[in-house]
Amino acid sequence: MTDLSHLRVDFPILHQQVHGEPLVYFDNAASSQKPRQVIAELTRYYELDNANVHRGLYELSNRATDSFEAARKKVACFIGAGSADEVIFTRGTTESINLVAQVWAAQFLKAGDVILYTGMEHHSNLVPWQLAARRTGAVLKHIPVLDDGTLDLTLLDLLLTEQAKLFACVHVSNSLGTINPVRELCAKARALGVTTLIDGAQAAGHLPVNVRDIGCDFYAFSGHKMCAPTGIGVLYGKAEVLAKMEPWHGGGEMIESVTLEASTYKAAPHRFEAGTPDIAGVIGLGAAIDYLESVGIEKIHQHGQELTAYAMQCLAELPGIRLLGPQGDRASLAAFALACAHPHDLVEFANTHGLALRGGHHCTQPLMKRFKVPGTSRASFYFYNTAAEVDRMMDILHRAVTFFS
Amino acid sequence: MTDLSHLRVDFPILHQQVHGEPLVYFDNAASSQKPRQVIAELTRYYELDNANVHRGLYELSNRATDSFEAARKKVACFIGAGSADEVIFTRGTTESINLVAQVWAAQFLKAGDVILYTGMEHHSNLVPWQLAARRTGAVLKHIPVLDDGTLDLTLLDLLLTEQAKLFACVHVSNSLGTINPVRELCAKARALGVTTLIDGAQAAGHLPVNVRDIGCDFYAFSGHKMCAPTGIGVLYGKAEVLAKMEPWHGGGEMIESVTLEASTYKAAPHRFEAGTPDIAGVIGLGAAIDYLESVGIEKIHQHGQELTAYAMQCLAELPGIRLLGPQGDRASLAAFALACAHPHDLVEFANTHGLALRGGHHCTQPLMKRFKVPGTSRASFYFYNTAAEVDRMMDILHRAVTFFS
Amino acid sequence: MALSDDLRDLYQQVILDHSKSPRNHGQLTDCVHVHGDNPTCGDEIDMYVKFNDEGGIADIKFDGQGCAISQASASMMTIKVKGSRRDKAMAMLKDFRSVVTGEGSVQDEDALGELILLEGVQKFPQRVKCAMLGWRALEQAMQESAKES
Amino acid sequence: MALSDDLRDLYQQVILDHSKSPRNHGQLTDCVHVHGDNPTCGDEIDMYVKFNDEGGIADIKFDGQGCAISQASASMMTIKVKGSRRDKAMAMLKDFRSVVTGEGSVQDEDALGELILLEGVQKFPQRVKCAMLGWRALEQAMQESAKES
Ligand SMILES: Cc1ncc(COP(=O)(O)O)c(C=O)c1O
Ligand SMILES: Cc1ncc(COP(=O)(O)O)c(C=O)c1O
């Protein structure tokens, strides 16, 4: 199995005891840990370069602006964007999607238009569209999820039609681990003139992402799930699409000229970045990308697949377990329900042994209803996790089964 | 003069040479520097506690959630809010104002209603209302600025009437240093049933702020201007007002229940905080407040006033200088125009001597037009600045006058 | 290892037993029906309460899904409040809240009976809302019946 | 101290002189008028250009406010381009951009004359847009005149 355990020295947080036992952090789908390289870059920035960007003519501001815009270029490279101008900084996936669901939807959706999403979307890729539908009179439809945790593509021709003006789809499901065929879906959408938004929260930093290869109009992701600081994320938007969009927030940095009555605005990406940005967050995201690229995204992906395959195989032996999501190609998480214990009880038990699992609906309530479970327990991995940690998890879960039975 | 120079050891960034001379950082109104206590708290958080908040049942997530919500209480205390539920975390002042200009305005403004602001607003408190006016048909009016840099309150009775549904006003002007009588203005607005928003970007962390004493409905400010990390800010909203407001962004954390068709939402503040928040930013803001309170806001304010008075007195002796803003009670910044040099040339000159000044319109283009200047040069101070630094500035400015004359 | 002991306290046999075989489980008709949920966890409860003319609790059943704590708490509660006068039920609600939060003082410990076993929740503040789920639904049902009459 | 030397280079006497007494300052009527600005700085320029029948620059004046670099650059530019053929002016624009950015090679240094003095801008990348402000306005004016004819 691909072994990346030598990288654990880069993650100070992993080397602690929780309730007297070594921490096993298996909640990476909620948020990843940060390597010392990223933490050090934040410190370096605040101790040496900190200043507001874009408007200064002095040394610190020039340095801050250079690092800030260099990070934008790194992001563009990282996701294969055509240009750094296609990279808009946001707080995270949720804000990225809301930007599109507010600005783009208000301009281009009208009553009766269809917004198509899927039955496995995160609340962050559902609720913004529900709000947009309420404002515009657009109609919501969704592609259902099959029992094996993949999309029911037999219904695609029926649902993805010219009436659909927007198609929003998660790249990797945070509740099932499904990797959706976004390239094929976007190709079909594009042929019909349907605008596409891909929620890449669980994909970026976990598997190779190339937005031009995927062919989407928008791609959203969060830094905090890929080794970057909290509070920073990205909306990629295709240049032609961004060029047609009205401003979102008004304020400093996004204007060209302002009078007391009216204003004119810059072009993308600055048009969509009103106010002082999260400068340290952006620079930290750049450092995280440097780190991930030094490890290698392909290697990270391979490690995740192998570790998950191993975990799935171990978990399958637990009495009364039901594993959710597809069997074959999948992302690095395992979600399950145990007959003897509700997820909350299980997660509470795990915590007393230093194991961090997540239990609940994982912000996918409709999916929980679909699978008729009140919630699931989820172990989600990143490259610093090891097979030995999976073994520890299994030991703890076996004890939990005894405890609750 | 109040001397707080012993605090300079807390600010690593200040102890560096720029172009061979010691850095003098006088661009605090754009962004403040960060004490090692705040930087250390970020590191501590990432090295020990980092996890997503609110949804975990394990140790790290509990710790992160506790620190996160403790910071909300600190903010509430810091600004005298009635409850922590009145504190919404945003990216900064700009996002805070846009939240109100989108949600509140969409619900409560109709065509013909007046939005009243002032002639000294930052673009961030102008453009959002211009966009809101375009959407709702509301009409924009403003209170003009007098030659001495104060508001022309003789026009108040004419402008602040029942027709005005919203009054937006800057607490402390970033271009003039004016401290507006927000308490009196809000009292008058309240008597007429006019909703009030105060832009506190330059006030919070610089002078004592008590939102209940001010009596405003909304108060917006940025962490990065008061020793906190970049990317975090606050919108205070009065409980009764927030209770009537629709959600803003849709996504995780802000929902109660979600189906594939519709959703219900939590109450404030979580209703307005969709998605993973900037957890480290919030905790860093808490640490910044701890730091500022250990110094004492009263003392910070007094130091600022004294240092500014000294700077104004020195500056007045420069040949061909024009000082902007009020003479008496004012905030800790000095803005001026020199006959012999355009602000950009002056700031460029200053930079070669390690002095960080800002030159330009300071995101207040209408105010520059009002005073018939293309822009100004601005020195803005914080408690770690000293009279000796002002002396260095004067030395450099005198040399600049010689150079450009 | 202290936390493991706390965990054992939290999940005592009686509690696990109630959660696996909840008493008064099911639905009632012609009653006040309240749906309660825990948005963060996805726990849900449906509480069905029949009040008598004095506002006392004539019959009560519940339904739904949730963790052991919420199920056991609701199950034990129904046993204790069935047949209680309104003020008595209100007092128990107040006392029970003190038991699980550790805040305030318990007035009548005897009335709570085995509900006292849920004291272990104090060590797990995140679970207070689980323990209170059924009680909050009952409280709401009592409020609604008061409004109607 | 190297930067102080660079600064002296940037603000040579000739440059300061042009910025204080800009040549061809003022307005023209019956001409192509372009307004240019530097949103970040607040610098503004109004460029007035009269074209002859072949698209050459018959007369040019400018107006506005800005830093020494933008004013001097515009002033020097008007002297050099006045009376130029269209292709010549275009070539100078390209060469001048190379001079201030340090990117690309200068084809005809002689044509630029004292504009070469603005080479010092290379050391101050933030000021490139100042040096180019007038030139961008001229470029736009040429484009508009091309469209019209
Ligand atoms: C008075 C005033 N309002 C609003 C802002 C905008 O703050 P931010 O850029 O942090 O959103 C600033 C700072 O630039 C300011 O000085
Ligand atoms: C698939 C998916 N989409 C969206 C989100 C929302 O991301 P964030 O909370 O960082 O905005 C998440 C993570 O919670 C996710 O897993």
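Residue numbering restarts at 1 for every chain, and letters A, B, ... go by the order of the sequence lines.
Contact annotation for L126(B): only side-chain heavy atoms (C-beta onward) come within less than 4.5 Å of a heavy atom of chain A. Contacts of P277(A) with chain B are made by backbone atoms alone, with heavy-atom separations under 4.5 Å and no side-chain atom involved. Of the two parts of R134(A), only the side chain, counted from C-beta on, holds a non-hydrogen atom closer than 4.5 Å to a non-hydrogen atom of chain B. At a 4.5 Å heavy-atom cutoff, E121(A) makes no contact with chain B through either its backbone or its side chain. Looking at H15(A), neither its backbone nor its side chain comes within 4.5 Å of chain B, counting heavy atoms on both sides. Using a 4.5 Å cut-off between heavy atoms, F11(A) does not touch chain B at all. Heavy atoms closer than 4.5 Å to chain B are found nowhere in S222(A), neither backbone nor side chain. I279(A) touches chain B through backbone and side chain together, each having a heavy atom under 4.5 Å away. The contact between T118(A) and chain B is made entirely by backbone atoms, counting heavy-atom distances below 4.5 Å. Contacts between L42(A) and chain B at a heavy-atom distance below 4.5 Å involve the side chain alone, from C-beta outward. When heavy atoms are compared at a cutoff of 4.5 Å, N125(B) does not approach chain A at all. Using a 4.5 Å cut-off between heavy atoms, Q16(A) contacts chain B through its side chain alone, with no backbone atom that close.
In this structure, a donor-acceptor pair under 3.5 Å is present between the side chains of S31(A) and H224(A).
The CE atom of M393(B) sits 14.5 Å away from atom NE2 of H353(B), with the distance rounded to the nearest 0.5 Å. Here the OG1-CD distance, from T352(B) to E21(B), works out to 7.5 Å after rounding to the nearest 0.5 Å. Between the CH2 atom in W129(B) and the CG atom in L260(A) there is a gap of 15.5 Å [rounded to 0.5 Å]. The NZ atom of K266(A) sits 7.0 Å away from the NE2 atom of H54(A) when rounded to the nearest 0.5 Å. Atom CG of residue L235(A) and atom OG1 of residue T90(A) lie 6.5 Å apart, to the nearest 0.5 angstrom. Atom-to-atom distance recorded for F68(B):CZ and Y45(B):OH is 9.0 Å, nearest 0.5 angstrom.
Options V127(A), T93(A), N98(A) differ in how many heavy-atom pairs under 4.5 Å they form with chain B, and the most are formed by N98(A). By number of non-hydrogen pairs under 4.5 angstrom with chain B, the leading residue of T364(A), N50(A), L357(A), I255(A) is N50(A). The candidate from T230(A), T94(A), N351(A) with the greatest count of non-hydrogen atom pairs under 4.5 Å with chain B is T230(A). Ranked by non-hydrogen atom pairs under 4.5 Å with chain A, the options V258(B), L14(B), V282(B) are led by V258(B). For the options L140(A), L23(A), L60(A), V18(A), heavy-atom pairs under 4.5 Å to chain B are most numerous at L60(A). Of the listed residues P229(A), G281(A), G360(A), A51(A), the one with more heavy-atom pairs under 4.5 angstrom with chain B than any other is P229(A). Each of S263(A), G354(A), S61(A) has some count of heavy-atom pairs under 4.5 Å with chain B, and the biggest count is that of S263(A). Contacts with chain A were tallied for V347(B), L48(B), T43(B); L48(B) has the most, counting heavy-atom pairs under 4.5 Å.
The main-chain N or O of P144(B) is never found under 3.5 Å from a side-chain atom of H142(B) such that the two would form a donor-acceptor pair. Judged by distance alone, the side chain of Y382(A) and the main-chain N or O of M226(A) form no donor-acceptor pair under 3.5 Å. No donor-acceptor pair under 3.5 Å is formed between the side chain of E95(A) and the backbone N or O of F89(A).
Residues R370(B) and M120(B) form no side-chain contact, since every pair of their non-hydrogen atoms from C-beta on lies 4.5 Å or further apart. Residues S380(B) and D27(B) are in side-chain contact: their nearest non-hydrogen atoms beyond the backbone lie under 4.5 Å apart. Taking 4.5 Å as the limit, every side-chain heavy atom of Y46(B) sits out of range of all side-chain heavy atoms of I13(A). The closest side-chain heavy-atom distance from S32(B) to K34(B) is below 4.5 Å.
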Stepwise salt bridge (charged side-chain N to carboxylate O under 4.0 Å, His left out) test for D49(B) and R44(B) = CA-CA 8 Å; D49(B) 295 352; R44(B) 194 202 60 74; 3.0 Å; yes
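Along residues 246-253 of chain A, the residues that come nearer than 4.5 angstrom to chain B, judged on non-hydrogen atoms, are E246(A), W248(A), H249(A), G250(A), G251(A), G252(A) in order of number.
Every salt bridge (Lys or Arg N to Asp or Glu O under 4.0 Å) that E59(B) has, sequence neighbours left out, goes to R63(B).
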